[in-house]
Amino acid sequence: MPELPEVEVTRIGLADRLRGARVRSVHIGSPLRWPLGVAARTLHDLEIGDLSRRGKYLWMPLSGRARSGGLLWHLGMSGSLMLHARAAPPRGRHDHFELVSSAGTLRLTDPRRFGAVLWSDAIDVEPARRLLAGLGAEPFDPRFTARELHAGCKRRRCSIKAALLGGEIVVGAGNIYACEALFRAGIDPRLRCHRLSLARCERLLQALRDVLSEAVALGGSTLRDFRGADGGAGEFQINARVYGREGLPCLQCGTPVRRVVQAQRSTFLCPHCQAR
Ligand SMILES: [Zn+2]
């Protein structure tokens, strides 16, 4: 499933190339999670602005004489975006949305079709507003501090791992990144949120930022390798220190890594290094 770093790498890879391009046509394949919300024709000739990201959504501003607003993109469970600068290859059976522009053909490939592309007159009005409303803070937002994280934790009684996965306090910690950040911060994933001290929230926020920026950097390097072909982001993952290492010695202390199941997801932890 594309996580925040993958979406951010996609944004980085596309933003410069699409800025200022004009929409020539739009092709819609099989239905995605939500309908586009406007007639595809009305997007013709609109100019693409600066791509931004909120959580795992990408916002593509579009402006023109006839209308302005933008498209909110989500990659769902299995989506990927690719910009074909020259002639695009024929559409495959999983290519469900295509935006042809003066900068090339931007194609959403999404086998499971949980992804979405929808029109909104602005990012802060319906339907975009409703979709973005429940999102927690952006992990790299300097206004989001350990104090905010601590305050969010104080209000919750679930485990810290569940709170990270839920994304209501802070977005971006998918399963792998949550496990890794908690390992680096030395926090047991089963610890109840409200019991986290401010000092531990400081360590956790730093660890989360480290893990996510490593993933973005790794994806960025993958992107450079792929750029020659089509600019699409390849598969990438951080060098996991705890995730997927059940039974193997902890890289810090040698204790075998344990796997437990929380909210139907695997959690990996070192029972020695990660304290309750
Ligand atoms: Zn350990």
Side-chain angles (χ1 to χ4, degrees), residues 1-9 55-56 136-142 144-222 234-276:
M1 175 156 52
E3 296 289 349
L4 186 146
E6 285 87 336
V7 179
E8 177 62 10
V9 167
K56 295 202 277 183
E138 282 294 323
F140 294 113
D141 184 345
F144 180 67
T145 64
R147 278 189 190 284
E148 258 80 34
L149 177 59
H150 188 235
C153 285
K154 275 270 170 267
R155 289 195 294 271
R156 287 172 173 79
R157 300 209 155 238
C158 63
S159 70
I160 180 59
K161 167 83 184 300
L164 288 175
L165 284 187
E168 290 164 12
I169 308 175
V170 56
V171 298
N175 201 34
I176 298 174
Y177 303 121
C179 287
E180 292 296 316
L182 287 163
F183 175 72
R184 293 189 191 190
I187 297 169
D188 189 312
R190 297 164 295 185
L191 183 70
R192 302 275 149 203
C193 272
H194 67 281
R195 295 188 51 208
L196 249 76
S197 64
L198 177 59
R200 294 178 110 189
C201 286
E202 272 161 14
R203 287 212 302 278
L204 179 57
L205 181 56
Q206 189 55 54
L208 181 61
R209 284 176 170 158
D210 288 348
V211 165
L212 291 175
S213 44
E214 277 168 36
V216 171
L218 212 64
S221 55
T222 310
E235 294 281 317
F236 62 94
Q237 223 175 61
I238 49 167
N239 294 315
R241 296 186 196 169
V242 72
Y243 186 87
R245 302 193 72 251
E246 184 182 12
L248 296 172
C250 166
L251 296 173
Q252 275 169 200
C253 75
T255 306
V257 169
R258 276 189 61 196
R259 184 180 76 92
V260 296
V261 175
Q262 290 180 287
Q264 287 118 48
R265 308 293 300 276
S266 285
T267 294
F268 295 87
L269 71 144
C270 170
H272 178 74
C273 295
Q274 293 175 261
R276 284 229 199 195

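Note that ligands are numbered from 1 as they come in the structure, with each ligand's atoms numbered from 1 the same way.
Not counting sequence neighbours, R200 has no partner by the salt bridge (Lys or Arg N to Asp or Glu O under 4.0 Å) test. In terms of the salt bridge (Lys or Arg N to Asp or Glu O under 4.0 Å) criterion, E148 has no residue partners (sequence neighbours excluded).
Counting only distances under 2.8 Å, and ignoring water, the protein N, O or S atoms around the Zn ion (ligand 1) are C250 SG, C253 SG, C270 SG, C273 SG.
Within a 6.0 Å sphere centred on NE2 of H272, other residues, nucleotides and ligands contribute 12 heavy atoms or fewer.
Taking a cutoff of 4.0 Å between a charged side-chain nitrogen and a carboxylate oxygen, E6 and K56 do not qualify as a salt bridge.
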Should R245 and L251 be marked as a side-chain contact (heavy atoms from CB on, under 4.5 Å) after you check the CA-CA gap, both sets of side-chain angles, and the distance that decides it? CA-CA 10 Å; R245 302 193 72 251; L251 296 173; 3.6 Å; yes
Can you give each donor-acceptor pair under 3.5 Å made by side-chain atoms of residues 178-185, sequence neighbours left out, with the distance rounded to 0.1 Å?
from	atom 1	to	atom 2	distance (Å)
E180	OE1	R241	N	2.8
E180	OE2	R241	N	3.2
E180	OE2	V242	N	2.9
E180	OE2	Y243	N	2.7
R184	NH1	E214	OE2	2.9
R184	NH2	E214	OE1	3.0

